[in-house]
Each structure stands twice: as C-alpha cells, then as structure tokens.
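Fair warning: this is a prediction, and the values are worked out from it, not measured in the lab.
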Amino acid sequence: MGTKTQDETAAEAAAKPAEPEAADTADTTDATGVTKVDATKADAVDADEADDADELVVVEEVAPARSGGVFQGAAAVVSAALGVIGLSGGWLGTVAAARANIVGQLETKQSASVADQIQALYGDSWQVTALIAGAFALAALVVGFVVLVRPAFGAPDQVQAPWIKSVAWAGVALGVIGLLLAIAKYSDLIYGLPSTS
C-alpha cells in the first residue's frame, strides 16, 4: 500500500495544473519579494507610448496649417482682378462713357461754343471712365488691405500662406496705381481736352 504505481503517479501529475514557465510569464517575483517585469512586455509598452507620442506630435504640426485660407486666398485674387480692371475701367467704364457721349450729344445745342461741345461729347465721357476706373481701383485697394491685416484679427495660431500675401500685395499695388491714374484722368493731367483758343 505504501508504494504508488506508475499509473497513479501519472494520474496525479495530470490532475495538477500546469505551472507557467519563467520565460512565458510577464512578471516574476524573486526571493526578496521584488516583482520583475519581463523585458519584452516593457519594450512593447514603451513602443506603444512612443507611437502615441508620435501621433500627438503629428496632430500638433498639422493643426496650425489648417486655417481659413480659402476665403483669404479668394479675396486676394479678387483684389488683384479689381486692380487690373481699375487700370482701364473695364467694360462698365466703356458703356458708361458711351452713354455719357450720347447724353452730351442730346443736350448740346447747335449754338453752343466749341469748348462746350467738346466737353459734352468727349470730356464728360472721359471723366465717367476715370470715375469708374477709380472706383474699381479703390475697391481693389480696400480688399487687398483687408486681406493683409486679417491675420492680426484672426486666431493667433493660423498662419497666412505666402502666396495669399503676394497676391494681396499685388492687388494693393494695382489699386494704388489705378487710383492715381483715375485721378490724373479726371483732372485732365493725362490726355486733357484740347484748347479751342
């Protein structure tokens, strides 16, 4: 009775739960009671934290680039286009000049002096063209200026794209040139009416 057969010993060994091997366990406790962490688990945790840190850095770098640049860019292009129109007055200036010419012909009497006839037929239409060109130039100047000063009143983390600044400066420059030309045309400094004396 005191001895066990091989079959009984094998049955008892099978009934006991299998103990995990030291290499497979993540944490082990040594004789002093200090828990040791498996190196592979610690590396995996560090790698996950590093990945999270990288993702946070990427989000921080992408966030400032997202701004309301679409509307600022569109306004800068509009400013430049208005500046180009302001140099000549465009189609609207041509139509207004033709209308002023017709009105001058209808209102001018046959007995009017030559100077009055020239002013009514050509001078008024020239000045109307200058006024419309000046209006377009002033609009280009105002829109370009608003685009340039917009970042000062917006969110501080938003950065304006360099091309927006360049196009807005072009619109401002064209607006100033067009405004000066319009003033010169209206005051007869450029192509003034011929004198009749």
Side-chain angles (χ1 to χ4, degrees), residues 58-197:
V58 170
V59 170
E60 289 175 0
E61 290 176 358
V62 171
R66 298 175 65 190
S67 64
V70 175
F71 297 111
Q72 293 179 21
V77 171
V78 167
S79 172
L82 289 172
V84 171
I85 295 172
L87 294 177
S88 63
W91 174 81
L92 186 61
T94 303
V95 171
R99 184 181 184 282
N101 191 349
I102 291 172
V103 170
Q105 289 177 4
L106 293 175
E107 292 180 353
T108 303
K109 298 177 181 178
Q110 294 292 333
S111 60
S113 65
V114 176
D116 290 340
Q117 290 180 6
I118 292 175
Q119 177 64 35
L121 296 177
Y122 302 107
D124 291 344
S125 61
W126 182 250
Q127 289 177 343
V128 167
T129 303
L131 283 176
I132 292 178
F136 278 111
L138 183 62
L141 184 62
V142 169
V143 172
F145 179 75
V146 168
V147 171
L148 289 174
V149 300
R150 175 66 179 92
F153 301 102
D157 59 342
Q158 291 183 351
V159 179
Q160 194 175 50
W163 71 269
I164 294 177
K165 291 181 182 178
S166 300
V167 177
W169 274 115
V172 169
L174 289 171
V176 169
I177 294 170
L179 199 57
L180 292 176
L181 287 175
I183 293 171
K185 283 191 273 187
Y186 189 81
S187 59
D188 291 335
L189 293 176
I190 297 178
Y191 293 116
L193 292 176
S195 61
T196 58
S197 57

Which donor-acceptor pairs under 3.5 Å do side chains of residues 88-103 form with protein atoms, sequence neighbours excluded?
{"unit_1": "Ser88", "atom_1": "OG", "unit_2": "Gly90", "atom_2": "N", "d": "3.3"}
{"unit_1": "Thr94", "atom_1": "OG1", "unit_2": "Gly90", "atom_2": "O", "d": "3.2"}
{"unit_1": "Asn101", "atom_1": "OD1", "unit_2": "Gln105", "atom_2": "NE2", "d": "3.4"}

Hey, can you pull the donor-acceptor pairs under 3.5 Å for the side chains in residues 121-138, sequence neighbours left out?
{"unit_1": "Asp124", "atom_1": "OD1", "unit_2": "Gln119", "atom_2": "NE2", "d": "3.0"}
{"unit_1": "Ser125", "atom_1": "OG", "unit_2": "Tyr122", "atom_2": "O", "d": "2.9"}
{"unit_1": "Trp126", "atom_1": "NE1", "unit_2": "Lys185", "atom_2": "O", "d": "3.2"}
{"unit_1": "Thr129", "atom_1": "OG1", "unit_2": "Ser125", "atom_2": "O", "d": "2.9"}

Margin query: Tell me whether Gln160 contacts the main-chain N or O of Val147 through its side chain, where contact means a donor paired with an acceptor under 3.5 Å.
Written below: yes
Item checked: Closest non-hydrogen atom pair, Ser79 against Ala140 -> OG-O, 2.8 Å
Notebook entry, point to check: Hey, what do you get for CG (Leu141) to CD1 (Ile177), rounding to the nearest 0.5 Å?
Noted result: 11.5 Å
Item checked: Closest heavy-atom pair and its distance - Phe145, Val172 -> N-CG2, 3.7 Å
